[in-house]
Amino acid sequence: MIQLQQIHKYYGSQHVLKGIDLTVGKGEVVAILGPSGSGKSTLLRSINFLERATSGSITINGRTVDAASASKQDVLALRLSTGMVFQQYHLFKNLKVLQNVMLGLTDVKKLSPAKAKEISTVLLEKVGLKDRMNHYPSQLSGGQQQRVGIARALALNPEVLLFDEPTSSLDPELVDEVLSVIKQVASEGNTMIIVTHELGFAREVADRVVFMEDGIVVEEGTAEQMFTNPLKERTRQFLSKALRA
Amino acid sequence: MEKLLDIDYLIKSYPHILKYLPVTIWISVASMVLGIAIGLATALIRLYKVPVLGPLSALYVSFVRGTPLLVQIYLVFYGIPKFIYYFQTQHGWMTGIDVNYVSPEVYVLLSFSFNLGAYLSETIRSAIESVDRGQFEAADAIGLSRTQTMLKIILPQALTVALPNLGNTFISTIKDTSLVFVIGVIDIMGEAKIIGARGLAYFEVFIAVSLIYWPVCIIIERVLVIVEKRIRKYERSAIS
């Protein structure tokens with residue numbers, strides 16, 4: 001289970017997250033929607049301390065970390081219990097696909113190379129790229145790179161997977177292959193938080209939908225309820241406009 | 001009739017000068033290696049804005065870039081023995097060293113790596129800064145430490161960026177070693193001067209020495225092109 005409590009984030013005097021509370025149960029898939037600049041990516045990135053929240057606490061798997069006073073060990077613990085998939089993939093350019101997936105296992109978890117390779121090969125097979133294992137990222141399409149990114153995030157067997165607009169940089173015809181991998185990962189019982197603009201996909205894959213704007217959670221509910229019968233007018237506006245587009 | 005060029009002397013002197021090529025190469029390679037180490041340390045100090053050391057590094061780089069290498073060689077050659085002597089007589093330190101028996105090659109190595117360290121720190125710093133921020137974030141996200149991130153991800157990528165500059169600096173260094181004779185180290189240039197003086201045939205020996213530097217630099221340039229291709233192979237984009 002993952003719980004965020006009263007997450008605040010300031011950039012200078014700009015208040016971008018205004019006390020966010022969010023609880024995600026084990027195996028739950030939560031989609032965070034909202035217009036650009038609503039703070040949804042910042043929220044996601046504050047979970048694994050790529051951004052340090054100004055205040056608030058993050059609890060994953062019973063370990064509560066206070067954002068303001070987190071130690072190096074706290075941060076590392078959070079990073080090991082989260083897997084991140086980036087909008088721009090951010091695969092390690094100097095490493096081959098297999099090494100990209102293995103690196104966290106060999107260098108952070110200190111598994112033997114043989115064991116790490118075994119785990120990584122299984123994951124690459126799952127995302128359909130076992131035959132690309134000895135390619136460099138530059139030799140793959142965007143969709144393939146993102147699937148490697150997902151395998152890399154899964155490698156550390158995290159408590160929760162964080163997706164930061166995983167399909168926003170992809171050519172339209174490559175979006176589906178990535179979405180279907182994410183769906184498959186979701187169906188295997190992984191806990192996931194997905195920041196996305198793909199509303200149809202959010203509706204299909206998410207158990208719960210959180211709508212954010214201006215650094216606050218405007219409304220949250222089950223995917224079904226949010227898309228068919230949102231309570232707030234602003235949610236209705238956003239979802240209907242975006243669905244029509 | 002006075003000859004324009006004593007070809008015989010040129011040809012005869014060439015192998016004698018060539019015998020000292022290992023000295024030139026050895027000094028260049030060793031100071032390059034030390035220079036890269038100093039340059040990397042300096043670059044990291046400046047990138048991480050280490051207190052005290054940061055401003056000192058900036059001063060160091062500024063001084064080296066603002067004074068001629070020849071002056072730096074003299075400063076090291078005349079300055080360091082004075083310092084050692086001072087510490088020996090005033091504080092009783094470093095008494096194991098006899099300054100009269102320190103090989104001038106030591107001073108050459110010190111001054112060259114001191115000089116190279118400053119130039120290379122700028123090369124290395126800009127190369128590290130050119131690596132995409134996302135690479136650091138991805139490394140953070142999987143829990144790599146700062147050192148692991150540097151060694152496994154950032155430096156290998158920075159090396160590719162820095163390589164052409166490192167190559168140019170190495171070629172410059174080969175040529176700069178022609179200064180070392182001023183403090184008594186005999187390299188190809190030093191030997192050329194000695195033989196030139198012996199036969200009063202300076203023009204001939206300097207042509208000979210040019211015909212050593214030039215091909216050596218051409219060969220290094222070729223090798224660098226091959227190395228660069230190798231090391232850049234991960235950037236080659238070919239969707240197959």
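We name chains A, B, ... by the order of the sequence lines, and we start the count at 1 in each one.
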For this session: Sort and list the pairs that fulfil ring-ring contact (aromatic ring centres under 6.0 Å, His included) and have at least one residue in residues 46-89 of chain A, not counting sequence neighbours.
Result: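 Counting only pairs at least two positions apart or across chains, the ring-ring contact (aromatic ring centres under 6.0 Å, His included) contacts touching residues 46-89 of chain A are A:F86-A:H90.
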Report, as yes or no, whether the 6.0 Å neighbourhood of atom [atom1] on [X] holds more than 12 heavy atoms from other residues, nucleotides or ligands.
X: B:W214; atom1: CH2; value: no
X: A:E173; atom1: CD; value: yes
X: A:R63; atom1: CZ; value: yes
X: B:Y86; atom1: OH; value: no
X: B:F87; atom1: CZ; value: yes
X: B:K49; atom1: NZ; value: no

Exercise. Which pair of heavy atoms, one from A:L76 and one from B:G143, lies closest together, and at what distance?
Worked result: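 So the two residues come closest at CD1-O, 3.3 Å.
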Exercise. Which pair of heavy atoms, one from A:L95 and one from B:K152, lies closest together, and at what distance?
Worked result: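 Closest pair (atom of A:L95, atom of B:K152, distance): CD2-O, 4.5 Å.
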Problem set entry | 4.5 Å side-chain heavy-atom contact, B:I153 and A:L103 |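 Of all side-chain heavy-atom pairs linking A:L103 with B:I153, at least one is under 4.5 Å.
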Pairwise distance [atom1]([X]) to [atom2]([Y]) - rounded to 0.5 angstrom:
X: A:S138; Y: B:K233; atom1: OG; atom2: NZ; result: 11.0 Å
X: B:E137; Y: A:Q88; atom1: CD; atom2: CD; result: 10.5 Å
X: A:N94; Y: B:Q157; atom1: CG; atom2: CD; result: 4.5 Å

Problem set entry | chain B-proximal positions within residues 150-157 of chain A [heavy-atom distance under 4.5 Å] |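 If one takes a 4.5 Å heavy-atom cut-off, the residues of residues 150-157 of chain A near chain B are A:R152, A:L156.
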For this session: Let me know if A:N48 has heavy atoms under 4.5 Å from chain B in its side chain, its backbone, both or neither.
Result: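 Just its side chain gets close to chain B.
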For this session: Can you tell which part of A:L91 gets under 4.5 Å to a heavy atom of chain B, answering side chain, backbone, both or neither?
Result: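 Only the backbone of A:L91 comes within 4.5 Å of chain B.
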For this session: Counting only heavy atoms closer than 4.5 Å, note whether B:Q135 contacts chain A via side chain, backbone, both or neither.
Result: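 Backbone plus side chain of B:Q135, per the 4.5 Å heavy-atom cut-off to chain A.
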Problem set entry | Winner by heavy-atom pair count (cut-off under 4.5 Å) against chain B, out of A:M84, A:K93, A:K109 |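 The answer is A:K93.
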For this session: Take A:R79 and B:I142 through the side-chain contact (heavy atoms from CB on, under 4.5 Å) test and state the conclusion after the steps.
Result: CA-CA 6 Å; A:R79 285 177 176 167; B:I142 63 167; over 6 Å; no
